[in-house]
Amino acid sequence: MLKIYGQARSRAFRVMWLCKESGIAYEHIPVSIHVDNAQAKEDWYRALNPNARIPTIDDDGFVMWESSAINLYLAEKYGSPLYPSTAQGRGRMLQWAFFIANDVEGPMIMVFQNRFVFPPEKRVAALADEGEKKMLPKLAVIEQALAATGYLGLDRWDMTDFIASSVMYSLLGMKYDLSAFPQLAAWLQMSLSRPAAVEAIKLRG
Ligand SMILES: N[C@@H](CCC(=O)N[C@@H](CS)C(=O)NCC(=O)O)C(=O)O
């Protein structure tokens, strides 16, 4: 059976959500991070993921890491109903997956950590502001794309939207003010209200 390594309150959540969307059974192995003697830094875990981050999967002996890559792999391998059936649909999915990974996630995490996750004494306001300055024009690109149809997929809410919203979940998590981006706010809210998402969010505790 598929094994998912990583606490639910981490990017492992993205993989659990995909499994719930796609009816994929899995065994969950929580792996500690950000604590003394974190399991993610132990040799047995580094043997699975030399980058020592979570999540990692073991799919009947095939081991891989990087949450969005894992999700693209699992969706294809297990025939997820979200996976686009045409080359154009898959092209659109990859376009947004790379855009989100390259242009959105880094700045968003800078804001997330320095305004929300880190204890107040460790937050650096200048880093949060810098992240925000980079992030806002990218959110505007997504806002514009959503204006036409309300989704990013070629012809429906699909894996394209899944990848994008599973990464951008942090914006909802930190209750980021999205009033300047009404389409994006509605799309994110709708994406995270899907029954599979609600189930996965509950696992985060
Ligand atoms: N790009 C990677 C990032 C993985 C990552 O940074 N995971 C965090 C948890 S959400 C982690 O393992 N942090 C522990 C650390 O940095 O030591 C992915 O999407 O899987």
Side-chain angles (χ1 to χ4, degrees), residues 2-22 24 26-59 62-77 80 82 93-119 122-124 127-128 131 134-135 138 142 152 159-176 188 191-192 197 200-205:
L2 172 70
K3 291 184 184 138
I4 302 176
Y5 293 87
Q7 303 167 1
R9 205 173 178 78
S10 77
R11 287 169 172 88
F13 151 75
R14 301 173 185 174
V15 182
M16 292 171 183
W17 177 15
L18 192 271
C19 287
K20 291 186 180 300
E21 288 282 355
S22 312
I24 305 170
Y26 64 88
E27 178 189 348
H28 179 215
I29 300 140
V31 171
S32 60
I33 53 170
H34 299 319
V35 290
D36 290 344
N37 304 317
Q39 289 167 312
K41 309 298 175 199
E42 290 178 1
D43 288 348
W44 70 270
Y45 187 76
R46 281 184 193 275
L48 296 171
N49 181 346
N51 196 32
R53 302 278 193 278
I54 57 174
T56 296
I57 59 160
D58 180 337
D59 183 33
F62 177 67
V63 175
M64 72 178 285
W65 37 276
E66 277 298 324
S67 57
S68 290
I70 291 171
N71 280 336
L72 292 170
Y73 161 76
L74 290 176
E76 181 181 3
K77 159 120 191 265
S80 171
L82 299 181
M93 169 183 79
L94 293 173
Q95 171 200 305
W96 285 107
F98 279 101
F99 174 75
I100 297 287
N102 289 331
D103 287 0
V104 179
E105 186 172 19
M108 181 189 75
I109 294 294
M110 276 169 77
V111 178
F112 186 50
Q113 291 180 327
N114 289 288
R115 292 221 179 121
F116 186 74
V117 175
F118 290 160
K122 291 212 169 143
R123 294 179 193 171
V124 180
L127 287 180
K134 289 186 182 154
M135 177 180 78
K138 306 304 175 184
I142 300 173
L152 298 174
M159 196 62 195
T160 317
D161 301 86
F162 175 87
I163 291 286
S165 59
S166 67
V167 172
M168 295 173 72
Y169 170 68
S170 302
L171 291 173
L172 278 194
M174 68 173 139
K175 297 191 170 53
Y176 188 81
L188 200 51
S191 301
L192 273 301
I201 289 168
K202 276 192 202 138
L203 299 175
R204 294 172 61 91

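We count ligands from 1, going down the list as the structure has it; atoms in each ligand are counted the same way.
- Contact check for Leu2 versus Leu74: side-chain heavy atoms found under the 4.5 Å cut-off.
- Side-chain contact between Phe116 and Val111: absent, with no pair of heavy atoms (C-beta onward) separated by less than 4.5 Å.
- Looking only at protein heavy atoms, the nearest one to atom 14 (C) of ligand 1 is His34 CE1, 3.6 Å.
- Inclusion of Ser10 in the set of residues having an N or O under 3.5 Å from an N or O of ligand 1 is not warranted.
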Between Trp17 and Phe162, does a ring-ring contact (aromatic ring centres under 6.0 Å, His included) hold up when you go through it step by step?
CA-CA 9 Å; Trp17 177 15; Phe162 175 87; 4.6 Å; yes
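- When non-hydrogen atoms are compared, ligand 1 lies under 4.0 Å from the backbone of Ile54 as well as from its side chain.
- For ligand 1, the atoms sitting less than 4.0 Å from at least one non-hydrogen atom of Ser67 are 18 (C), 19 (O), 20 (O), numbered in the order shown with element in parentheses.
- Put simply, the side chain of Ser22 never gets that close to the backbone of Ile24: no donor and acceptor are under 3.5 Å apart.
- Polar contact with ligand 1: absent for Glu105 (N/O pair, distance under 3.5 Å).
- Among protein heavy atoms, atom 9 (C) of ligand 1 sits closest to Ile33 CD1, 3.6 Å.
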Pair Phe62-Tyr73, ring-ring contact (aromatic ring centres under 6.0 Å, His included): steps then yes or no:
CA-CA 11 Å; Phe62 177 67; Tyr73 161 76; 5.0 Å; yes
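- Tyr26 and His28 have perpendicular rings, their planes meeting at more than 60° on a 0 to 90° scale where under 30° would count as parallel.
- With hydrogens left out, the protein atom closest to atom 1 (N) of ligand 1 is Glu66 OE1, 2.8 Å, a heavy atom.
- Taking every non-hydrogen atom of Pro55 and a distance limit under 4.0 Å, the qualifying atoms of ligand 1 come out as 20 (O).
- With respect to atom 16 (O) of ligand 1, the closest heavy atom belonging to the protein is Arg53 NE, 3.1 Å.
- Side-chain atoms of Ser165 do not come within 3.5 Å of backbone N or O of Leu188 as any donor-acceptor pair.
- Near Lys41, meaning under 4.0 Å from one of its heavy atoms, ligand 1 places the atoms 15 (C), 17 (O).
- A distance-only check finds no donor-acceptor pair linking the side chain of Arg46 to the backbone of Ala40 [under 3.5 Å].
- In this structure, atom 6 (O) of ligand 1 lies nearest to the protein heavy atom Arg11 NH1, 3.3 Å.
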